[in-house]
There are 2 protein chains.
Amino acid sequence: MTMPTSPDADKAITIIDVARIAGVSIKTVSRVINRETGVGADTRTHVENVIRELDYRPNASARALSSHRKYLIGMIVASIGQFEYVGQLQAGVTESCLRAGYHLTVESPPPEGEARRAWLARLQSRRAFDGLVISPPLSDDEELIDFLINANIPIVRIAPADKSNLTPYVFTDDYEASYQITSRICELGHRLIAMIEGPEDHVSARERRRGFNDAMRNHGLIPRDTMRVRGDYGGISGFECTEALLSLTPRPTAIVAANDLMAIGALAAISKHGLRAPEDISVVGFDDIPAASACWPPLTTVRQPIDKLGELASDLLIAGIGDPRHRTDARSAFHPCEIIVRTSLGPPLVRS
Amino acid sequence: MTMPTSPDADKAITIIDVARIAGVSIKTVSRVINRETGVGADTRTHVENVIRELDYRPNASARALSSHRKYLIGMIVASIGQFEYVGQLQAGVTESCLRAGYHLTVESPPPEGEARRAWLARLQSRRAFDGLVISPPLSDDEELIDFLINANIPIVRIAPADKSNLTPYVFTDDYEASYQITSRICELGHRLIAMIEGPEDHVSARERRRGFNDAMRNHGLIPRDTMRVRGDYGGISGFECTEALLSLTPRPTAIVAANDLMAIGALAAISKHGLRAPEDISVVGFDDIPAASACWPPLTTVRQPIDKLGELASDLLIAGIGDPRHRTDARSAFHPCEIIVRTSLGPPLVRS
DNA sequence: CTGAAAGCGCTTACAG
DNA sequence: CTGAAAGCGCTTACAG
């Protein structure tokens with residue numbers, strides 16, 4: 001009835017076409033598609049060939065309807081498109097989903113009230129997603145996590161503080177990364193080392209502080225209270241914290257900022273006060289964001305493969321969804337971190 | 001047969017339940033859900049109430065299967081999680097999708113070869129997505145766009161250079177933004193104004209250059225060739241370009257960088273060479289990225305509501321998919337831009 | 001190892 | 001304005 005404006009009239013081929021041409025039942029084709037056991041080797045090969053020749057791709061909606069699976073996983077973030085971290089995570093999760101034939105949707109929960117209740121309700125009973133990857137800081141939001149566990153929806157938490165085996169989770173070794181870079185600073189001869197901590201509700205901030213503390217202690221240093229300031233991971237807070245630090249006597253000779261944005265803020269404050277890095281004060285950060293190599297001096301920082309972390313989380317999730325027998329054990333570590341040496345860190349001037 | 005480990009045994013309620021309880025046929029319920037005409041006002045209200053009481057939500061897979069729609073839209077980007085711009089776009093598109101009951105999946109095409117062919121094939125015939133939002137610079141990838149048009153899959157291009165009516169598109173007025181900020185610099189009394197241009201394959205870069213040129217000309221200034229340098233939107237290129245600019249005699253008194261990352265690089269070079277902004281040289285950027293307020297001095301820049309642009313694109317796409325009769329006209333502009341005044345721009349020292 | 005039947009929960013096409 | 005029937009393309013549950 002419609003005008004011939006629609007060149008996609010080529011009807012997609014279905015499992016029935018494949019079955020007819022292969023000379024088997026659709027059930028057998030279904031078994032091959034889903035890699036189920038119980039198909040003769042020859043039959044399997046033959047069906048696989050027909051599938052390839054016809055370029056057959058199963059209709060995801062039909063599978064979803066009859067299998068009660070959606071082939072959709074959700075990534076829950078506090079805020080979309082605002083943090084490098086989340087973007088990198090998403091890149092990794094996408095990679096994993098693509099490989100497994102899942103789609104990924106990124107969502108952030110409404111902060112409160114009716115909208116939030118409705119949003120939570122939609123998640124229940126796998127009506128929306130087959131499973132969820134929860135990114136920080138939501139991975140430690142007890143109310144949310146408890147709700148999801150009760151709703152029996154598969155989740156994998158990314159970098160949670162709570163390392164109990166409530167749910168599977170993945171993490172980077174922030175502690176180790178911080179320990180290493182702090183040790184390096186100590187070994188360069190610095191004694192007055194300040195830390196601009198991150199917000200208390202981020203595990204990464206807490207772990208980086210722990211690593212800092214332990215490295216200091218193991219090098220015989222006790223950080224003074226005045227040399228610990230707290231930022232909010234924003235650049236401006238790094239700037240302000242550093243101004244406070246610069247007014248101290250004696251002044252620190254090195255600053256460990258819990259992330260790059262604050263480190264860049266620190267560099268800005270140093271520059272504003274007519275001081276130079278690393279000659280007067282060394283600065284290091286964490287994350288290796290793009291701006292870290294654009295600022296002056298270029299920032300020595302710690303790079304962690306966040307995208308790989310997302311990939312790992314998604315692999316874990318999909319394995320858990322796919323087949324109970326493949327369920328991996330409840331946790332998984334991930335650590336490699338890499339110190340990116342640029343020029344914002346140097347030895348202290350002989351003085352302290 | 002399974003152990004009572006599965007509390008989600010509460011069977012989801014279906015259109016049949018709603019129909020039975022409301023005392024109508026499922027077809028009538030369907031009409032109400034889809035806001036079709038041809039339902040008595042009373043009947044409609046009644047059914048709506050039942051739907052609300054039962055907290056009924058249509059099964060997306062079933063709708064998808066019978067309607068040949070997926071309720072899934074794709075956002076095609078060159079690279080996931082690497083640019084602020086893309087993240088903001090995604091936030092807006094997500095917002096729009098959520099409102100319309102669609103899911104969003106972000107993907108980036110394999111660069112070439114077999115993988116790319118397979119990826120393109122999957123897009124055909126709406127087998128994967130109901131429609132696509134194409135972000136720059138892919139929105140000007142002729143091969144890709146032509147393929148999608150031929151495959152008859154609805155697309156909306158974001159910020160394309162090609163403003164022909166091939167497909168619907170949305171854009172921000174980069175030209176206007178650049179014209180305005182450049183004019184401001186001229187009116188402050190600067191005469192030696194340099195521009196660090198962006199990469200030629202980004203429309204935004206070309207438009208920002210056009211706006212710069214026209215503003216200069218309209219203020220009686222002719223930019224010298226040596227005062228035009230080209231970066232790649234990366235911070236390091238901004239740094240290098242600026243070092244070249246600083247070696248000029250006479251030196252520019254103001255630099256317009258085509259994006260913030262390059263502007264931050266420019267600030268870094270200025271600082272390295274013992275100069276100060278804005279006293280010795282003013283710098284402005286575009287985009288207002290988070291680091292723009294963290295650097296020293298804080299960057300005067302132009303903010304454009306990129307998330308709103310994504311929302312607009314998605315609204316346009318969904319309107320086109322949803323009902324041919326609602327199809328909006330083939331293009332749509334979007335302009336508001338806002339100059340964020342911080343301190344990296346000031347009047348020139350009386351000298352030139 | 002293989003298959004015939006029923007059904008997932010909607011929409012489409014048709015009828016009145 | 002309303003509805004009965006068929007069907008979308010798979011998987012599940014069962015049988016052999």
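Computed from a predicted model, the values in this text were never measured in an experiment. Reckoned from all heavy atoms, side chains included, excluding hydrogens, waters and symmetry mates.
Phosphate proximity of C:dA4 to A:S25: absent, as no side-chain N or O sits under 4.0 Å from OP1 or OP2. Contact annotation: B:T43 reaches the phosphate of D:dT2 (side-chain N/O to OP1 or OP2, under 4.0 Å).
Helical stems involving DNA chain C, defined as 3 or more consecutive Watson-Crick or G-U pairs under 3.5 Å, span C:1-3 with D:14-16, C:5-12 with D:5-12, C:14-16 with D:1-3.
The side-chain contact (heavy atoms from CB on, under 4.5 Å) search around A:E311 returns A:E95, A:S96, A:R99, A:K308, not counting sequence neighbours. Scored by the salt bridge (charged side-chain N to carboxylate O under 4.0 Å, His left out) test, B:R157 finds B:D162 as partners (sequence neighbours excluded). A:R44 is linked by a salt bridge (charged side-chain N to carboxylate O under 4.0 Å, His left out) to nothing, counting only residues two or more places apart in sequence or in another chain. Scored by the side chain to side chain donor-acceptor pair (under 3.5 Å) test, B:T43 finds no partners at all (sequence neighbours excluded).
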Could you run down nucleotides 10-16 of chain D 5' to 3' and tag each one B, S or - for protein heavy-atom contact under 4.0 Å? BBBB---
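Of the possible donor and acceptor atoms, none in the side chain of A:D307 sits under 3.5 Å from a partner among the backbone N and O of A:L89.
Crowding of A:E112 atom CD: a count of heavy atoms from other residues, nucleotides or ligands under 6.0 Å not exceeding 12. Counting heavy atoms of neighbouring residues, nucleotides and ligands inside a 6.0 Å radius, atom CD of B:E142 does not exceed 12 of them.
A distance of 6.0 Å separates CD1 of A:I149 from OG1 of A:T167, quoted to the nearest 0.5 Å.
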